[in-house]
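Chain identifiers are assigned alphabetically (A, B, ...) following the order of the sequence lines, protein sequences preceding nucleic acid strands; residue numbering begins at 1 within each chain.
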Number of protein chains: 2
Amino acid sequence: MERVPLVAAANVSERLAQPPALAISTVIFALRPSVSSGRPTLWLPLVKRIREPFKGLWALPGGPLTQAESLLDAAARNLQDTTGLAPSYLEQLYAFGGLHRSPSQRVVSIVYWALVQSTEAEQAEESENVQWFRADGLQELAFDHNEIVKYALWRLRNKMEYGPIAYHLLGEKFTLAQVREVYEAVLNRSVDPANFRRQLKQTAGIEPTDEFLQGGKHRPPRLYRYSGTNNHLVKTHLLEQPLLERAGPPGHPPPTL
Amino acid sequence: MERVPLVAAANVSERLAQPPALAISTVIFALRPSVSSGRPTLWLPLVKRIREPFKGLWALPGGPLTQAESLLDAAARNLQDTTGLAPSYLEQLYAFGGLHRSPSQRVVSIVYWALVQSTEAEQAEESENVQWFRADGLQELAFDHNEIVKYALWRLRNKMEYGPIAYHLLGEKFTLAQVREVYEAVLNRSVDPANFRRQLKQTAGIEPTDEFLQGGKHRPPRLYRYSGTNNHLVKTHLLEQPLLERAGPPGHPPPTL
DNA sequence: ATCAGTTGTAGTCAATATGACTCTAACTGG
DNA sequence: CCAGTTAGAGTCATATTGACTACAACTGAT
């Protein structure tokens, strides 16, 4: 553990003169159909930097925290402002505050991660400065955003395995095969359809509808709906909840940037 | 989702004039022997506020982020400065940024949580302004610190169930019964000794030593050592690690303060 | 020397969860 | 009406877990 020199700690006036800048950024994931295979893949929208530092490189959407909004509101607003997307799931990821994240000023970024439904993602228009990229083999991004995306991806996979999160990547109604495709796309492994169905059935919150998906060359699969609290943006304190679901981050500390 | 009025968002100059203050605080847990029963209990040190707001109430130890230190370093240093404690485990908990956390200024707190070994906790001297409190039935604290402690407790219990974290509350060498006592104290339920031993044996990282704990009225239990990376303060990027241990936060979003 | 008390160690048993697999019903397009 | 494909239910062996029993080892006290 490094110790800060007493000289620096005592120099209060200098500290107050130039406090670290505070930014809010968000990693947003969406499922988009792959061009080659029919399987959907994980994508995320990035914004091209139009000024230094890292001018020309791609970066996570983000912006400042204004006085009148909470951190969550700021993340949602910046997301709306820069990409036009309204996420169906939004959660704080981590606060990154390493010393040299930006070459110019000291910046502390409170990063959120989000999921948008595929319908939303399709509507989102791409422009010169906003484009979708595959989440896996990502090019070099501005700042430490490669690390951040990596961590967000880890968190997404974690939540996907133990929490009811997949539905936020689909529309309101979906077939069980589509849910399975989400799992396969995110976790990057094949899942047995029969066993997957069995597990989903004993999971609370998934209700069958009376509708079936028409148009395929096969037997029309039933459409389901997710009845769990579909809006994680609500401002409630969920700490009181007993551990209904399998709970628990592992001994896996986040990065110390 | 609330929308920020355009007026406020447009008033850039005012924003820059008074940016939100940034504070680093830490929730530190330690195991201390209970006075009544012999069983150890969870305690945490708090600091009495000597100035407004909330003058006279107890609060989490914390302080500012200085220019020359990372967030983790700032947490460790503030902990040292206010309580004299050096944690054996230190991890970011959450960034709290609600609008009205402090009555005077807008404050964003990046909160860490920590574990200190029982030997450390015993050495720590109490003073007029720094005292230990039981983690459960806590009195009213300054700011939103009651909520924060509650969330930290939830996180601790989570990690305890799935990660090798208990050893950071003990000394270097310990008996299996002591580990079990940690689990019972934190999770607040009794654990079957035989099953607990069975699980620990098939857990990597716990090595038996040749020593035995003398002084009891019984057969001397063997002392064990935890060989896992005992220092979670190291600055490494652990994202590359495969999911060796059971991994995964649930669909349990943190509070949106 | 004996005994009470606790730990270390092994093992049983039922309930549950999981992965691999089979089988049939339902629906499509030709 | 048929071939092809998926939906959906069920089977079976295996691994994990919680509750529980049994016993040997060892200490300190009587």
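Considering only side-chain N and O atoms, Gln202(A) lies nowhere under 4.0 angstrom from the phosphate OP1 or OP2 of dT16(C). Contact annotation: Gln199(A) side-chain N/O to dT18(C) OP1/OP2 distance is under 4.0 Å.
Out of dG19(C), dG8(C), dC20(D), the shortest distance to the side chain of Arg197(B) is found at dG8(C). In this structure, of dT22(C), dT27(D), dG11(C), it is dT22(C) that holds the atom nearest to the side chain of Ala194(A).
Put simply, CD on Gln214(A) is 13 Å from P on dA7(D), counting in whole angstrom units. Straight-line distance from the OH atom of Tyr162(A) to the P atom of dT18(C): 9 Å, rounded to whole Å. In this structure, Asn195(A) atom CG and dT11(D) atom P are separated by 14 Å, rounded to whole Å. At whole-Å resolution of the value, CZ in Phe196(A) and P in dA17(C) are 17 Å apart. Distance, Tyr183(A) OH to dG19(C) P: 13 Å, rounded to whole Å. The interatomic distance linking Asp192(A) (CG) with dG8(D) (C1') rounds to 12 Å, in whole Å. If you take CD of Glu161(A) and P of dG19(C), they are 10 Å apart, rounded to a whole angstrom. Atom pair Lys201(B):NZ and dG11(C):C1' shows a separation of 11 Å (rounding to whole Å applied).
Between the side chain of Arg198(A) and the base of dG8(D), no donor-acceptor pair of N or O atoms lies under 3.5 Å.
Taking the six-membered ring where the residue is Trp, Tyr167(A) and Tyr226(A) present parallel rings, their angle staying beneath 30° rather than reaching 60°. Using the six-membered ring where Trp is involved, Phe143(B) and His145(B) have ring planes that are tilted, between 30° and 60° apart. Ring-plane geometry between Tyr94(B) and Phe96(B) is classed as perpendicular, the angle between the planes exceeding 60 degrees on a 0 to 90 degree scale with a lower cut at 30.
Residues Trp113(A) and Val111(A) are not in side-chain contact: their nearest non-hydrogen atoms beyond the backbone lie 4.5 Å or more apart.
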